[in-house]
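Here's the structure we're looking at; comments come further down.
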Amino acid sequence: MPTKTLRLILSGGGTGGHVYPALAVAHALADQAHVVYVGSVGGMEERIVARESRLPFRALPAAAVRGRGPVQATRALITLLRGVIAAGHLLAREQPAAILGTGGYVCVPLFVAAKLRRVPTMIYLPDVVPGLAVRMLSRIADLTAVNVSDSLPRLGLREGDRRALVTGYPVRDELFTTDRATARAAFGIPPDQTVLLVYGGSRGARSINRAIAALLPTLLPLCTIIHVCGREGDQVWLEEAAARLEPALRARYLLFPYLESGHAQSMTAALVAADVTVCRSGASTLAELPAVGLPAVLVPYPYVHQDENADYLVQRGAALKVADHAMLGDGAPEEGPLASAIRQLVIDQKQRKQMATRSRDLARPDAAQRLALALLDLASRSSA
Ligand SMILES: CC(=O)N[C@H]1[C@@H](OP(=O)(O)OP(=O)(O)OC[C@H]2O[C@@H](n3ccc(=O)[nH]c3=O)[C@H](O)[C@@H]2O)O[C@H](CO)[C@@H](O)[C@@H]1O
């Protein structure tokens with residue numbers, strides 16, 4: 001039996017995009033270390049970690065460091081200080097040999113406390129463009145790992161730098177191993193149908209939901225749609241819209257609020273079953289779409305740096321991009337940019353195949369392994 005004397009901390013807070021990569025690394029570390037997950041008090045990560053892993057979860061107080069006004073800024077600073085103190089106690093108890101942070105504000109107090117206690121740290125950037133937290137953390141971390149090398153200059157780093165590492169984005173193994181027939185069977189979709197998967201990141205995307213609802217009568221004659229709409233309440237009116245469709249079309253519209261791992265109808269199965277997807281361009285798309293070679297119409301969420309993620313795939317011929325505000329165009333929605341882009345990929349099999357190949361070429365199946373090894377190496381340096 002392997003002895004798990006090595007203790008490590010993984011941490012990432014916020015929505016799914018910061019949590020799933022950390023869980024993929026935990027999986028890669030499997031029997032090699034005792035891993036504890038550190039998230040923020042009241043964050044979405046606690047639920048995801050409990051649902052998708054058996055890792056012990058510890059919570060820290062954390063908040064955005066940038067407050068909007070002086071009162072909010074002061075409150076955020078107090079939360080940060082409380083977080084650093086709590087993180088100090090946590091590190092004293094857990095005695096980790098190294099820490100990997102995948103982003104989110106919870107990493108800030110943790111990394112500050114780690115710096116004070118000389119615990120080695122690695123920060124991981126999943127997106128092309130780093131946010132404020134990752135930029136700060138990259139300065140204090142011993143090692144900065146990035147999904148794609150394009151990000152390094154944005155952090156003042158270069159490839160080959162001792163403090164930098166390009167790993168790819170760690171995804172669940174099943175994305176590489178699930179076969180299409182099984183995935184399709186899980187959703188009851190026959191092999192000969194073209195499948196469009198629509199989703200909006202881990203929280204859903206209202207504007208995409210609205211646009212797809214408007215296009216259901218146009219798209220359903222062409223393809224089956226798996227629509228993952230998010231848990232924010234859109235399911236109700238989308239079901240009403242579906243009920244107004246004629247029965248033959250209605251039967252080809254499969255609506256879900258969220259798809260969890262561990263079920264036959266999982267996000268993995270949906271990605272593998274699909275021929276084309278319409279989705280946001282959160283960091284996960286940079287790896288999950290290539291892992292299954294899924295051609296995409298990307299609609300970046302306008303208020304964060306998703307445009308640059310989308311451009312990364314578009315420039316490499318692995319996706320098309322449509323702006324959020326332009327999805328339906330000015331005239332008839334069925335002639336707008338979103339419908340045209342979807343139609344193009346659904347109808348033109350040759351372009352779809354070419355795009356699938358280009359996408360697959362970008363896959364990095366060893367990303368979780370690379371991050372796990374780097375963390376083990378960091379840990380061994382600390383105990384040397
Ligand atoms: C609005 C926003 O601020 N989004 C950010 C957030 O996105 P978010 O947290 O939504 O992250 P991503 O879109 O990158 O990832 C979502 C993850 O959830 C999974 N999933 C999604 C739906 C579902 O039903 N089941 C399921 O398992 C996806 O397969 C994916 O693994 O963090 C990412 C990582 O920093 C950023 O790139 C995004 O810009």
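Values below: all heavy atoms of this structure, side chains included; hydrogens, waters and symmetry mates excluded. In listed order, ligands and their atoms are each counted from 1.
Scanning all protein heavy atoms for the shortest distance to atom 23 (C) of ligand 1 gives Y258 CE1, 3.4 Å. Ranking the protein heavy atoms by distance from atom 15 (O) of ligand 1 puts S284 OG, 3.1 Å first. Looking only at protein heavy atoms, the nearest one to atom 9 (O) of ligand 1 is T15 OG1, 2.4 Å. Among protein heavy atoms, the minimum distance from atom 1 (C) of ligand 1 is reached at Y301 CD2, 3.4 Å.
Hydrophobic clustering places L259 together with V272 (ILVMFWY residues linked when any side-chain heavy atoms are closer than 4.5 Å, directly or through intermediates).
Among C279, G201, A283, the residue whose heavy atom sits closest to atom 13 (O) of ligand 1 is G201. Across the listed options V304, V19, N309, V304 owns the non-hydrogen atom lying nearest to atom 3 (O) of ligand 1. The heavy atom nearest to atom 10 (O) of ligand 1, considering only G17, A287, P257, S202, is found in S202. The residue among V129, L259, V128 with a heavy atom at the shortest distance from atom 24 (O) of ligand 1 is L259. Of all the listed residues (E52, Q306, E308), Q306 holds the heavy atom that lies closest to atom 38 (C) of ligand 1.
Nearest heavy atom pair, residue K321 against residue A310, reads CD-CB, 3.7 Å.
Side-chain polar atoms of T144 and R139 form no donor-acceptor pair below 3.5 angstrom. Donor-acceptor pairing under 3.5 Å is recorded for the side chains of S40 and E45. Donor-acceptor pairing under 3.5 Å is lacking for the side chains of T178 and T268.
Between C279 and L289, the closest side-chain pair of non-hydrogen atoms falls below 4.5 Å.
Ligand-side atoms of ligand 1 in range of V228: 24 (O), range being under 4.0 angstrom from any heavy atom. With ligand atoms numbered from 1 in the order given, ligand 1 contributes 34 (C), 35 (O), 36 (C), 37 (O) to contacts under 4.0 Å with heavy atoms of D127. Set against the non-hydrogen atoms of E288, the atoms of ligand 1 under 4.0 Å away are 28 (C), 29 (O), 30 (C), 31 (O). Taking every heavy atom of G282 and a limit of under 4.0 angstrom, the matching atoms of ligand 1 come to 13 (O), 14 (O), 37 (O), 38 (C).
Under the 4.0 angstrom criterion for non-hydrogen atoms, R172 is in contact with ligand 1.
Residue-level proximity to ligand 1 for Y20 is carried by the side chain, the only part with a heavy atom below 4.0 angstrom.
For ligand 1, the polar-atom distance check against Y199 finds no nitrogen or oxygen pair separated by under 3.5 Å.
A salt bridge is defined here as a Lys NZ or Arg NE, NH1 or NH2 lying under 4.0 Å from an Asp or Glu carboxylate O, and D348 with R352 fails to meet this definition. Under the 4.0 Å criterion applied to side-chain N and carboxylate O atoms, K353 and D275 are not assigned as salt-bridge partners.
Side chain of R51 to main chain of E260: no donor-acceptor pair is present (N/O by atom type, distance under 3.5 Å, no hydrogens or angles).
The aromatic rings of F57 and Y37 sit parallel to each other, their planes meeting at less than 30°, with 60° as the upper class boundary.
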